[in-house]
Amino acid sequence: MTTTTSIYEKLKAKLDRVVPDFELRHKAEIAEEILRLKEERNAVILAHNYMEPALFYSVPDYVGDSLELSRKAAAAEQDVIVFCGVRFMAETAKILSPDKTVLLPAERAGCSLAASITAEDVRKLKAQFPGVPVVTYVNTYADVKAECDICCTSSNAAAVVESLGTDTVIFLPDEYLAKNTAKETGKHIIFPTRMPPEQFDASLDYQLVGWHGRCEVHEQFTVEDIENARRQFPDVLVLAHPECSPEVVEASDYSGSTTAMVQYVKQHKADKYLILTECAMGDNIAAENPDKEMLRMCSIRCPHMNEITLEDTRDALLHNRYVIDVPEDVRERAFRSVKRMIEINAKD
Ligand code: 13P
Ligand code: SF4
């Protein structure tokens with residue numbers, strides 16, 4: 001049986017260097033309540049890699065990046081999915097598992113990328129570039145996904161773009177992920193937001209028409225941050241999420257999805273790593289790799305991911321909140337784009 005003491009001991013072993021003892025004792029009590037409620041409600045808890053350490057290491061059935069958690073949501077057998085992440089992730093779970101009750105523990109957990117684009121924006125671009133396939137980052141809301149041909153995540157963007165086999169792709173809404181993907185695939189990129197059709201250069205081998213959306217967290221990391229770290233710690237390995245600018249990605253040693261970064265640290269022998277993504281993930285990696293040092297920039301946080309706490313997760317199960325719903329006509333169309341993405345990656 002899982003007791004508060006056993007949860008506390010497990011957390012203590014993992015997080016002794018990361019979270020103060022009194023906090024661990026308090027969090028263990030809440031985690032015990034959550035595990036009991038999870039059983040009672042036949043729920044599964046999915047948690048993104050950005051969750052705070054005490055949550056990340058106590059209650060989730062699965063942790064991971066957007067793609068991994070989408071797969072878990074699609075395969076869930078329980079009645080309830082509690083999504084410890086942001087709204088677009090919980091919506092994606094609902095799109096894939098419409099018969100389940102999907103709960104998002106904090107109502108206001110949004111995302112600057114998802115907020116940067118509307119379905120109407122996509123319709124206008126499709127009218128401007130008829131026949132050009134539309135890829136949208138999974139960090140969008142269901143009505144935007146419903147307008148596109150296929151979704152992608154940070155871990156499969158290049159594979160998705162390449163799978164289309166066309167000369168031209170509209171890639172929305174993350175400007176930086178679009179540019180990084182264009183670079184990775186070795187293709188040309190055209191970028192203006194509302195480009196007049198006469199400026200569209202059909203002679204280029206490949207074109208990504210990007211929208212000017214950015215992640216409010218990753219756009220803040222700079223090449224100077226990397227140079228400062230390298231000056232102080234010449235052996236540091238720098239990891240940047242592909243939502244960072246192409247200049248930052250270029251100056252880094254590695255760029256990949258959140259889970260890819262976790263794996264990278266695990267597989268490398270260096271002592272020090274600069275983690276250019278949400279700071280809580282640096283804590284989680286540090287806990288897993290006690291012999292390695294994680295440098296993180298904790299003044300830059302994702303306010304949306306930070307909305308989700310253990311307390312909210314308990315209250316979500318207790319009060320059945322906040323229920324995620326997607327209108328069925330939108331869901332059906334969004335499902336096609338998400339499903340197509342999941343199938344492509346499965347072949348990799
Ligand atoms: P991942 O799919 O790499 O986990 O990214 C999600 C995200 O929102 C990063 O900011
Ligand atoms: Fe959105 Fe950026 Fe937060 Fe990820 S880190 S959820 S992309 S705002």
Side-chain angles (χ1 to χ4, degrees), residues 10-21 23-24 27 47-60 62-69 84-86 153-155 176 180 215-245 247-310:
K10 190 176 134 203
L11 287 176
K12 182 82 181 160
K14 193 67 98 181
L15 301 175
D16 198 21
R17 295 177 325 136
V18 181
V19 182
D21 187 67
E23 197 180 325
L24 287 182
K27 300 275 180 179
H48 187 260
N49 288 323
Y50 288 166
M51 290 299 105
E52 56 150 329
L55 190 161
F56 188 83
Y57 284 111
S58 60
V59 295
Y62 302 103
V63 294
D65 63 18
S66 308
L67 185 65
E68 291 171 316
L69 295 179
C84 295
V86 290
T153 73
S154 63
S155 64
Y176 287 159
N180 288 324
C215 162
E216 67 190 86
V217 178
H218 294 91
E219 72 169 343
Q220 294 186 60
F221 299 121
T222 63
V223 172
E224 204 185 345
D225 295 330
I226 298 176
E227 287 167 355
N228 286 340
R230 291 203 196 278
R231 214 169 294 123
Q232 288 180 69
F233 309 105
D235 297 336
V236 71
L237 288 180
V238 181
L239 284 65
H241 194 274
E243 289 167 9
C244 294
S245 74
E247 294 75 26
V248 165
V249 167
E250 179 69 31
S252 302
D253 296 291
Y254 179 73
S255 177
S257 78
T258 53
T259 292
M261 288 196 249
V262 171
Q263 299 295 349
Y264 184 95
V265 175
K266 208 186 223 169
Q267 288 158 6
H268 283 74
K269 291 197 168 21
D271 295 334
K272 291 186 179 56
Y273 301 80
L274 173 64
I275 309 289
L276 296 179
T277 195
E278 158 58 34
C279 171
M281 196 174 98
D283 290 342
N284 292 335
I285 302 180
E288 199 66 49
N289 298 273
D291 53 332
K292 296 171 184 169
E293 237 179 293
M294 299 307 125
L295 312 179
R296 40 218 126 128
M297 297 182 56
C298 291
S299 56
I300 301 175
R301 305 298 307 252
C302 175
H304 313 288
M305 289 284 186
N306 278 288
E307 287 268 323
I308 312 287
T309 62
L310 271 173

Discussion item. For a side chain to side chain donor-acceptor pair (under 3.5 Å) check, start with the C-alpha distance between Ser257 and Thr259, then their side-chain angles and the critical distance, and finish with the verdict.
Written reply: CA-CA 5 Å; Ser257 78; Thr259 292; 5.0 Å; no

Practice prompt. Please report the shortest heavy-atom distance between Pro242 and Asn180, naming the atom on each side.
Written response: O-ND2, 2.8 Å

Discussion item. Quick check: do Val217 and Thr277 have side-chain heavy atoms less than 4.5 Å from each other?
Written reply: no

Worksheet item: Take atom CD in Glu224; do more than 12 heavy atoms of anything else shown fall under 6.0 Å from it?
Response: no

Discussion item. Could you check whether Asp253 pairs with Arg230 (Lys NZ or Arg NE/NH1/NH2 to Asp/Glu carboxylate O, under 4.0 Å)?
Written reply: yes

Worksheet entry | Side chains of Glu52 and Ile308 in contact at under 4.5 Å (non-hydrogen atoms) | no

Discussion item. Looking at Ser245 and Val248, would you say the former's side chain and the latter's main chain have a donor-acceptor pair under 3.5 Å?
Written reply: yes

Fill in: Lys12 atom NZ, over 12 foreign heavy atoms within 6.0 Å
yes

Practice prompt. Would you mind reporting whether Ile275 and Val238 have side-chain heavy atoms less than 4.5 Å apart?
Written response: no

Discussion item. Counting neighbours of OH on Tyr254 that are heavy atoms of other residues, nucleotides or ligands and sit closer than 6.0 Å, is the number greater than 12?
Written reply: yes

Discussion item. Just to verify, what does Asp271 make a salt bridge (charged side-chain N to carboxylate O under 4.0 Å, His left out) with, not counting sequence neighbours?
Written reply: none

Worksheet item: Hey, is Glu278 close enough to Arg301 for a salt bridge, meaning N to O under 4.0 Å?
Response: yes

